[in-house]
Number of protein chains: 2
Amino acid sequence: MDLRSYIRDVPDFPKPGIVFKDITPLLRSHEALDYISHALAEPYKDSGITAVAAIESRGFIFGSGVARVLGAGFVPIRKPGKLPWKTRRGEYTLEYGSGILEIHDDALTADDRVLLIDDLLATGGTAACAAMLARECGATVVAAGFVIELAFLGGREKLDGTPVYALIEY
Amino acid sequence: MDLRSYIRDVPDFPKPGIVFKDITPLLRSHEALDYISHALAEPYKDSGITAVAAIESRGFIFGSGVARVLGAGFVPIRKPGKLPWKTRRGEYTLEYGSGILEIHDDALTADDRVLLIDDLLATGGTAACAAMLARECGATVVAAGFVIELAFLGGREKLDGTPVYALIEY
């Protein structure tokens with residue numbers, strides 16, 4: 001399936017000079033969405049994945065589909081203040097400033113083998129922070145999968161040690 | 001399936017006196033998550049649904065599963081400033097203050113029959129706003145489905161005219 005044909009370039013979003021990869025036309029196609037769930041699950045379907053951890057918000061759309069295909073649980077990694085139970089918190093660097101992610105302290109255990117899912121790998125700060133949070137819960141992060149990788153930003157280097165794969169590379 | 005057994009009560013979140021219904025134990029069970037996708041889709045599987053519109057962020061987790069079961073597209077309804085293309089915007093009232101939701105202007109057309117999905121129906125302001133946005137795009141909102149309904153808050157009255165259903169009622 002030619003996934004690229006479902007991605008819309010939006011110039012100057014969220015700020016001048018940036019070309020945003022808009023995935024909403026892809027989401028609108030149930031064939032494309034189903035294809036992605038299977039394509040992201042396929043490389044790790046025999047890896048004993050017990051949980052798919054997905055990053056708020058767009059990661060949630062894809063992560064739940066991958067969890068279904070793998071027969072794994074779903075773990076949300078969220079922006080601060082959203083998770084009601086006891087949380088672990090991690091900070092990551094953005095181009096300007098920093099961001100924070102949280103995971104429930106009891107979301108994962110040492111028995112868990114985790115596949116991390118998000119829509120986009122850019123500079124890798126968010127994904128590296130999410131992987132660290134899963135590891136702090138004691139889990140093994142088996143790999144990190146993305147619909148889109150902006151390879152020119154070198155994000156996969158931030159995830160040192162974690163295998164990274166993506167369905168579309170720019 | 002006894003879905004209630006997967007819901008955790010968290011007292012005093014997000015503020016004192018409120019008992020928060022934590023769905024993360026439910027998400028952690030792939031059986032429960034799969035059950036919910038089918039249970040939310042079932043009543044409308046022969047209703048010609050072309051799109052499932054889901055509300056950011058927890059609605060995304062369930063909405064994509066329902067879209068898959070129905071063979072429908074997925075349309076995200078998001079917080080302001082997140083959608084990159086031309087948007088329609090709606091405002092709704094919260095207990096204190098107000099909130100804003102956006103939908104892509106081209107996300108839905110007059111040919112679309114929409115099922116609205118979110119995790120929780122509380123006072124109904126968010127869902128009513130989302131339904132209005134879908135209608136402003138020209139679409140027909142066939143129904144609105146929720147995992148949990150806090151029936152004592154009377155939210156379904158805000159969705160006047162739109163059939164409302166929920167899997168768990170408190």
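Predicted, not measured: the structure shown is a model, and the values here were computed from it. Reminder, nothing fancy here: chain letters follow the sequence lines and each chain counts from 1.
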Using a heavy-atom cutoff of under 4.5 Å, enumerate the residues of residues 148-170 of chain A that contact chain B, numbered in order, or state 'none'.
none

Where on B/Leu33 is there a heavy atom nearer than 4.5 Å to chain A: the side chain, the backbone, both, or neither?
side chain

Report yes or no: do A/Val19 and A/Tyr6 belong to one cluster of Ile/Leu/Val/Met/Phe/Trp/Tyr joined by side chain heavy-atom distances under 4.5 Å?
no

Report yes or no: do A/Phe62 and A/Ile49 belong to one cluster of Ile/Leu/Val/Met/Phe/Trp/Tyr joined by side chain heavy-atom distances under 4.5 Å?
yes

Do you reckon A/Leu27 sits in the same ILVMFWY cluster as A/Leu40, going by side-chain contacts under 4.5 Å, direct or chained?
yes

With the threshold set at 4.0 Å, does a side-chain nitrogen-carboxylate oxygen contact exist between B/Asp106 and A/Arg28?
no

Give the interface residues of residues 51-60 of chain B toward chain A, defined by a heavy-atom separation under 4.5 Å.
B/Ala51, B/Glu56, B/Ser57, B/Arg58, B/Phe60

So which bits of residues 7-15 of chain A come within less than 4.5 Å of chain B, counting non-hydrogen atoms only?
A/Arg8, A/Val10, A/Phe13

Same cluster or not: B/Val147 versus B/Leu120, using hydrophobic residues (I, L, V, M, F, W, Y) connected whenever any side-chain heavy atoms lie under 4.5 Å apart?
yes

Contacts of residues 66-93 of chain A with chain B (heavy atom under 4.5 Å):
A/Arg68, A/Gly71, A/Ala72, A/Gly73, A/Phe74, A/Val75, A/Pro76, A/Arg78, A/Lys79, A/Gly81, A/Lys82, A/Leu83, A/Pro84, A/Trp85

Largest heavy-atom contact set with chain B, pairs under 4.5 Å, which of A/Ser29, A/Gly63, A/Ala32, A/Ala107
A/Ala107

Using 0.5 Å steps for rounding, measure from the CG atom of A/Asp34 to the OG atom of B/Ser64.
10.5 Å

Do A/Ile117 and A/Leu101 land in one hydrophobic cluster if side-chain heavy atoms of ILVMFWY residues count as linked below 4.5 Å?
no

